[in-house]
*Asks:* 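So that we are looking at the same thing, I have put the structure below in structure tokens.
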Amino acid sequence: MDLDWYTLTYIGAVLAALMSLFASAKVRGAYKRYSAYENKKGITGAEAARELLEAAGVHDMNIEMVDGVLTDHYDPHTETLRLSRGVYEGKNISSVGIAAHEAAHAIQHFEGYAPLTARQSFVRFANIGSRMSIPIVLIGIFFLSVDYGTMFGELLIHAGLLLFTAVVVLSLITLPVEFNASARAVAMLESRDMLTEDELDGAQRVLSAAAWTYIAATLSAVMTLIRLLLITRGGRRR
């Protein structure tokens, strides 16, 4: 049976969604597994982050504890490293690995890492796109069905597609930012001798599992953009 492009992209979207669920389960599983092993030096995630930041020349960084699980992130606007309670207080392998990854983002920022700078410039535009692009495209298609609204419909469709393209671009830029942060984290932990060889392998597994969530998000964004393009093409033909 021959499948048209629209059907293929629908299948792709379903596969992307399944991949996202798999990636989420994988990272949570890795986090839980290596949270059961306390690192031999008995350092917490917050202590590990502080030491790595200081070693990289990033002094007086704000490190805050936040609620939730795997809610860890670096905020470049306030120059604050936010770690979930389990990571902030935890003395396990997962905590140190995740804290090192977030510390690496702070170091990227202070070094002016180009992909991170580019990502920051796209965030606001992409956030608008993720909320507004699809409704704008659908409204545009509606106006195409009304003879006197063709020009306005085309304008809305192009605006919606442009907004969602920003979402895709942000996802693509995020990949090297995250991969670089994980590579930096592992290298820093090794150079500072903060984890043993076996512990370092565990931390790397946690970070590798987390990387799949970004790959899944990128694939989902790309498939959604292709589907929007096909939907708008179909709408123009009516």
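Positions are given from 1 along the sequence. Keep in mind that the numbers below use all heavy atoms, side chains included, and drop hydrogens, waters and symmetry copies.
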*Asks:* Salt bridge check, Glu47 against Lys41: does any charged N sit closer than 4.0 Å to a carboxylate O?
*Replies:*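 Between Glu47 and Lys41 there is no salt bridge, as every charged N stays at least 4.0 Å from the carboxylate O atoms.
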*Asks:* Distance check, rounded to the nearest 0.5 Å: Leu52 atom CG versus Met61 atom CE?
*Replies:*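 If I round to the nearest 0.5 Å, the distance is 12.0 Å.
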*Asks:* How many angstroms lie between OG in Ser94 and CZ in Arg33, if you round to the nearest 0.5 Å?
*Replies:*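 Rounded to the nearest 0.5 Å, the OG-CZ separation comes out at 10.0 Å.
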*Asks:* Side chains of Leu155 and Met151, heavy atoms from C-beta outward: is any pair under 4.5 Å?
*Replies:*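 They are not in side-chain contact.
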*Asks:* Mind checking side chain to side chain donor-acceptor pair (under 3.5 Å) for Asp201 and listing every partner two or more places apart, or none if nothing turns up?
*Replies:*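 Asp201: side chain to side chain donor-acceptor pair (under 3.5 Å) contacts with Arg205.
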*Asks:* Quick one: closest heavy-atom pair of Leu81 and Ala49, and the distance?
*Replies:*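 Taking Leu81 first and Ala49 second, the nearest heavy atoms are CD2-CB, 3.7 Å.
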*Asks:* What verdict does the side-chain contact (heavy atoms from CB on, under 4.5 Å) test give for Arg50 and Glu54, after you've listed the backbone C-alpha separation in whole Å, the side-chain angles of each residue and the deciding distance to 0.1 Å?
*Replies:* CA-CA 6 Å; Arg50 177 66 68 194; Glu54 292 287 340; 4.0 Å; yes
*Asks:* Is Val27 linked to Leu18 within one hydrophobic cluster, defined over Ile, Leu, Val, Met, Phe, Trp and Tyr using a side-chain heavy-atom separation of less than 4.5 Å?
*Replies:*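 Shared cluster, no.
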*Asks:* Look up atom OG in Ser20 and atom CG in Leu15, then write down how far apart they are to the nearest 0.5 Å.
*Replies:*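 Between Ser20 OG and Leu15 CG, I get 12.5 Å after rounding to 0.5 Å.
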*Asks:* Could you give all pairs that pass the ring pair (Phe, Tyr, Trp, His ring centres under 6.0 Å) test and reach residues 178-227, with sequence neighbours left out?
*Replies:*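 Every pair satisfying ring pair (Phe, Tyr, Trp, His ring centres under 6.0 Å) with a residue in residues 178-227: there are none.
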*Asks:* As an exercise, state the distance from OG1 of Thr218 to CE of Met223, rounded to the nearest 0.5 Å.
*Replies:*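 If I round to the nearest 0.5 Å, the distance is 13.0 Å.
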*Asks:* Check for a donor-acceptor pair, side chain of Ser24 on one end and backbone N or O of Leu21 on the other, with a separation under 3.5 Å.
*Replies:*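 Here the side-chain-to-backbone pair does not exist.
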*Asks:* Side-chain heavy atoms nearer than 4.5 Å, only ILVMFWY residues, links allowed to pass through others: does that put Phe110 and Tyr113 together?
*Replies:*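 No, because Phe110 and Tyr113 fall into different hydrophobic clusters, even though each may have its own neighbours under 4.5 Å.
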*Asks:* Using every non-hydrogen atom in the two residues, find where Leu116 and Val177 come nearest and quote the distance to one decimal.
*Replies:*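 The answer is N-CG2, 3.7 Å.
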*Asks:* Could you walk me through whether Asn180 and Arg184 pass the side-chain hydrogen bond (donor to acceptor under 3.5 Å, both in side chains) check?
*Replies:* CA-CA 6 Å; Asn180 177 266; Arg184 285 176 185 245; 2.5 Å; yes
*Asks:* If the condition is side chain to side chain contact (heavy atoms under 4.5 Å, CB included), which residues does Ala30 pass it with, not counting sequence neighbours?
*Replies:*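 Applying side chain to side chain contact (heavy atoms under 4.5 Å, CB included) to Ala30 gives Val206, Ala209.
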*Asks:* Starting at CZ of Arg82, measure out to CG of Asp75 and round the result to the nearest 0.5 Å.
*Replies:*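 The distance works out to 4.5 Å.
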*Asks:* Identify the heavy atoms of Leu200 and Leu195 that sit nearest to each other, and give their distance.
*Replies:*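 Result for this residue pair: N-CB, 4.0 Å.
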*Asks:* Give a yes or no on this: more than 12 heavy atoms of other residues, nucleotides or ligands lie within 6.0 Å of atom CE of Met65.
*Replies:*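 Enclosed.
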*Asks:* How close do Ser35 and Asn92 get, counting heavy atoms only, and between which atoms?
*Replies:*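 Taking Ser35 first and Asn92 second, the nearest heavy atoms are O-CB, 3.4 Å.
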*Asks:* List, one per line, each side-chain donor-acceptor pair under 3.5 Å for residues 162-176, sequence neighbours excluded.
*Replies:*
residue : atom : partner : partner atom : Å
Thr165  : OG1  : Leu161  : O            : 2.7
Ser171  : OG   : Val167  : O            : 3.1
Thr174  : OG1  : Arg119  : NE           : 3.0
Thr174  : OG1  : Leu170  : O            : 2.7

*Asks:* A side-chain contact here means heavy atoms from C-beta on lying under 4.5 Å apart; do Glu199 and Val96 qualify?
*Replies:*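 No, their side chains stay 4.5 Å or more apart.
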*Asks:* Cluster question for you: counting only ILVMFWY and a side-chain heavy-atom cut-off of under 4.5 Å, with indirect links fine, are Met132 and Phe152 together?
*Replies:*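 Yes, Met132 and Phe152 fall within the same hydrophobic cluster.
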*Asks:* Would you call Ile157 and Leu228 a side-chain contact if the rule is heavy atoms closer than 4.5 Å?
*Replies:*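 No, every pair of side-chain atoms sits at 4.5 Å or beyond.
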*Asks:* Return the set of residues passing side chain to side chain contact (heavy atoms under 4.5 Å, CB included) with Ala16 (not counting sequence neighbours), or none when no residue passes.
*Replies:*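 With sequence neighbours excluded, Ala16 shows a side chain to side chain contact (heavy atoms under 4.5 Å, CB included) to Leu219, Ser220, given in chain and number order.
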*Asks:* After noting the C-alpha distance and the side-chain angles of His101 and Glu178, does the key distance pass the side-chain hydrogen bond (donor to acceptor under 3.5 Å, both in side chains) rule?
*Replies:* CA-CA 8 Å; His101 176 91; Glu178 295 299 331; 2.8 Å; yes
*Asks:* For the residue pair Ile93 and Gly202, what are the closest heavy atoms and their distance?
*Replies:*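 Residues Ile93 and Gly202, closest heavy atoms: CG2-C, 3.9 Å.
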*Asks:* From Lys32 NZ over to Leu70 CG, what is the distance, rounded to the nearest 0.5 angstrom?
*Replies:*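 If I round to the nearest 0.5 Å, the distance is 12.5 Å.
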*Asks:* For Thr44 versus Glu89, what's the shortest heavy-atom pair and its separation?
*Replies:*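 Heavy atoms only, the tightest pair is CG2-O, 3.4 Å.
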*Asks:* Under 3.5 Å, is there a donor-acceptor pair between the side chain of Thr232 and the main chain of Leu229?
*Replies:*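 Yes.
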*Asks:* Decide yes or no on side-chain contact (heavy atoms from CB on, under 4.5 Å) for Asn39 and Met194, but give the supporting numbers first.
*Replies:* CA-CA 9 Å; Asn39 64 79; Met194 296 177 73; over 6 Å; no
*Asks:* Can you list every pair that meets ring pair (Phe, Tyr, Trp, His ring centres under 6.0 Å) and has a residue in residues 23-75, with sequence neighbours left out?
*Replies:*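 Of all non-adjacent pairs touching residues 23-75, those that pass ring pair (Phe, Tyr, Trp, His ring centres under 6.0 Å) are Tyr74-His109.
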*Asks:* Stepwise, does the side-chain contact (heavy atoms from CB on, under 4.5 Å) test hold for Ser84 with Val69?
*Replies:* CA-CA 6 Å; Ser84 58; Val69 179; 5.9 Å; no
*Asks:* Could you walk me through whether Phe142 and Leu138 pass side-chain contact (heavy atoms from CB on, under 4.5 Å), step by step?
*Replies:* CA-CA 6 Å; Phe142 169 77; Leu138 294 178; over 6 Å; no
